Amino acid sequence: MPKHPLKGSRVLVTGATAGIGAATAEAFCAAGAGHVFVVGRREPRLRDLAARWADAHAAHVTPVVLDVGDRQAVERLAEQHPEVFDVDVLVNNAGLARGTEPVQGADLDDWDEMVRTNVNGLLYVTRAALPRLVRRRGHVVNLGSVAGRWVYPGGAVYCATKHAVRALSEGIRLDVQGTGVRVTNIEPGLVETEFSEVRFHGDTARADAVYADTTPLTAEDVAEAIVWSCAGPGHVNVQEMVLYPTDQASVRDVVRR
Ligand code: NDP
Ligand code: 8X3
């Protein structure tokens, strides 16, 4: 059993231009990964971060500009650059929430974007990488959420996508059983990132209020949990991990001081 399975490993992190994905990509670089492929849509930001992580950790980091929800783009990339998907660890992190309107008043475009990114995007990237992950006895880490276990008002569709992520983690785990591939569903509560700004379409005051007067998780807290789940010996699979801030007891119970 390798003592440090992350040293020299090849890692693909989607949604690496911000938040949990950015912290995770950097944490893998710091842990000695051999080659980290980082995916996002905002090209200058992605290139800048990749260069910074490569510099700071003497790591090999390749930026990959990709919309994970664009099936043809994912298939084209897999055809033209199969090396991007030839990894030991795939972190399916790209995802988002849009809106908190009730179902009877919600915007269909918001729904489409959540389903397209959180469900379809995860599927397209996983399908491209999984045969190679099987050959490498690799590891799939999916970013679920506490919203994938519990539902809150105004969150029906976002929660449905994260329930789907949890089901997919379980389904992939069943399908690869016996191959040595590990599948982990990471399920955080409140994490202060750009998540709420995206959810509220750029309304920063509304986004800030989500994290006000409480102590949410940081992106680095979640990144540390992800790297830890991958760093254990190959016969140990952390199937699911729920991470709440201490000030949050459930999806709807947050202490504000
Ligand atoms: P951020 O908004 O900070 O980061 C989201 C990342 O996803 C960005 O890098 C964004 O990059 C990328 N992304 C979004 N859509 C696409 C796409 N179509 N193709 C490629 N990349 C995309 O949010 P978080 O870091 O908080 O969220 C990361 C994951 O964690 C999500 O799956 C989210 O659902 C989950 N999560 C978040 C929690 C929280 O409270 N923050 C709690 C539980 C789970 P770009 O725009 O450049 O493409
Ligand atoms: C993000 C956490 O509670 O805002 O997945 O849905 S929550």
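One-based numbering, in listed order, for ligands and for the atoms of each. Computed from a predicted model, the values in this text were never measured in an experiment. Numbers here are sequence positions counted from 1.
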(request) Would you mind checking which non-hydrogen protein atom is closest to atom 5 (C) of ligand 1, with the distance to 0.1 Å? (result) G95 O, 3.8 Å

(message) Within the 4.5 Å heavy-atom criterion, are V36 and T62 side-chain neighbours or not?
(response) no

(request) Do me a favour and list the nearest non-hydrogen protein atom to atom 42 (C) of ligand 1 with residue, atom name and distance? (result) G189 O, 3.1 Å

(request) Determine, using heavy atoms of A219 and all atoms of ligand 1, whether some pair is separated by less than 4.0 Å. (result) no

(message) What I'd like to find out is whether the side chain of F85 reaches to under 4.5 Å of the side chain of L130, using heavy atoms alone.
(response) no

(message) Within the 4.5 Å heavy-atom criterion, are P82 and R132 side-chain neighbours or not?
(response) yes

(message) Are there over 12 heavy-atom neighbours, none belonging to R71, within less than 6.0 Å of that residue's CZ?
(response) no

(request) For atom CZ of R42, decide whether the heavy atoms of other residues, nucleotides or ligands shown that lie under 6.0 angstrom number more than 12. (result) yes

(request) Using a strict cut-off of 4.0 Å, indicate which atoms of ligand 1 neighbour a heavy atom of T117. (result) 15 (N), 16 (C), 18 (N)

(message) Closer than 4.0 Å to some heavy atom of L66 - which atoms of ligand 1 meet that?
(response) 19 (N), 20 (C)

(request) Starting from atom 19 (N) of ligand 1, find the nearest protein heavy-atom neighbour and note its residue, name and distance. (result) V68 N, 3.0 Å

(request) Kindly check if the number of other-residue, nucleotide or ligand heavy atoms within 6.0 Å of CD (E83) is above 12? (result) yes

(request) Using distance alone, determine whether L143 and ligand 1 share an N or O pair under 3.5 Å. (result) no

(message) Under 4.0 Å between a side-chain nitrogen and a carboxylate oxygen: does that hold for E197 and R98?
(response) no

(request) Could you tell me whether E187 approaches ligand 1 through its side chain, its backbone, both or neither, with non-hydrogen atoms closer than 4.0 Å? (result) neither

(request) List the steps and the verdict of salt bridge (Lys or Arg N to Asp or Glu O under 4.0 Å) for D67 and R116. (result) CA-CA 10 Å; D67 174 349; R116 177 183 182 277; 2.9 Å; yes

(message) Taking 4.0 angstrom as the limit and counting only heavy atoms of Y158, give me the atoms of ligand 2 inside it, by number and element.
(response) 1 (C), 5 (O), 6 (O)

(request) State, without any angle test, whether D110 and H201 hold a side-chain donor-acceptor pair at a distance under 3.5 Å. (result) yes

(request) Inspect the contact between D86 and R136 and indicate whether a charged nitrogen and a carboxylate oxygen are less than 4.0 angstrom apart. (result) yes

(request) Show which atoms of ligand 1 fall inside a sub-4.0 Å distance from at least one heavy-atom site of D67. (result) 17 (C), 18 (N), 19 (N)

(message) At under 4.0 Å between heavy atoms, is it the side chain or the backbone of Y158 that contacts ligand 1, or both, or neither?
(response) side chain

(message) Please check: side-chain N/O of T214 versus main-chain N/O of V255, any donor-acceptor pairing under 3.5 Å?
(response) yes

(request) May I ask you to list the atoms of ligand 1 that are less than 4.0 angstrom from any heavy atom of R42? (result) 8 (C), 10 (C), 11 (O), 45 (P), 46 (O), 47 (O)

(request) Find all atoms of ligand 2 within a distance of less than 4.0 Å from any non-hydrogen atom belonging to F195, and give their numbers and elements. (result) 1 (C), 4 (O)

(request) Any chance you could lay out the salt bridge (Lys or Arg N to Asp or Glu O under 4.0 Å) test for R166 and E240, step after step, and finish with the verdict? (result) CA-CA 9 Å; R166 187 161 177 236; E240 301 182 319; 2.9 Å; yes

(request) State the atoms of ligand 2, each with its element, that fall below the 4.0 Å cut-off from a heavy-atom position in A147. (result) 6 (O)

(message) Side chain or backbone, does G21 bring an N or O within less than 3.5 Å of an N or O on ligand 1?
(response) no

(message) Looking only at protein heavy atoms, which one is nearest to atom 31 (C) of ligand 1, and what is the separation?
(response) N93 O, 3.2 Å

(message) Checking T161 against N118: is there a side-chain donor and acceptor pair closer than 3.5 Å?
(response) yes

(request) Would you mind checking which non-hydrogen protein atom is closest to atom 40 (O) of ligand 1, with the distance to 0.1 Å? (result) V191 N, 3.0 Å

(request) Decide yes or no on ring-ring contact (aromatic ring centres under 6.0 Å, His included) for Y158 and F195, but give the supporting numbers first. (result) CA-CA 12 Å; Y158 176 70; F195 177 85; 5.5 Å; yes

(message) Looking at every heavy atom in both H139 and T184, which two are closest together, and how far apart are they?
(response) NE2-OG1, 2.8 Å

(message) I'd like to check I172 versus N142 (side-chain heavy atoms, cut-off strictly below 4.5 Å). Are they in contact?
(response) yes

(message) For atom 3 (O) of ligand 2, what is the closest protein heavy atom, and at what distance to 0.1 Å?
(response) Y152 CE2, 3.8 Å

(request) Examine G144 against ligand 1 and note whether any of their N/O atoms are separated by less than 3.5 Å. (result) no

(request) Mark up the atoms of ligand 1 that fall under 4.0 Å of a heavy atom belonging to A16, in ascending order. (result) 9 (O)

(request) Provide, to 0.1 Å, the distance between atom 11 (O) of ligand 1 and the closest protein heavy atom, together with that atom's residue and name. (result) T17 OG1, 2.8 Å

(request) Give the residue, atom name and distance (to 0.1 Å) of the protein heavy atom nearest atom 2 (C) of ligand 2. (result) S145 OG, 3.7 Å

(request) Note the single closest protein heavy atom to atom 7 (O) of ligand 1, along with its residue, its atom name and the distance in Å. (result) G15 CA, 3.5 Å

(message) Quick check on contacts: which atoms of ligand 1 are under 4.0 angstrom from a heavy atom of G19?
(response) 3 (O), 25 (O)

(message) Under 4.0 Å, counting heavy atoms only: does K162 come that close to any atom of ligand 1?
(response) yes

(request) Write out the residue and atom name of the closest protein heavy atom to atom 3 (O) of ligand 1, then the distance separating them to 0.1 Å. (result) E194 N, 3.1 Å

(message) Regarding atom 22 (C) of ligand 1: of the candidates A73, A25, A94, S145, which has the closest heavy atom?
(response) A94

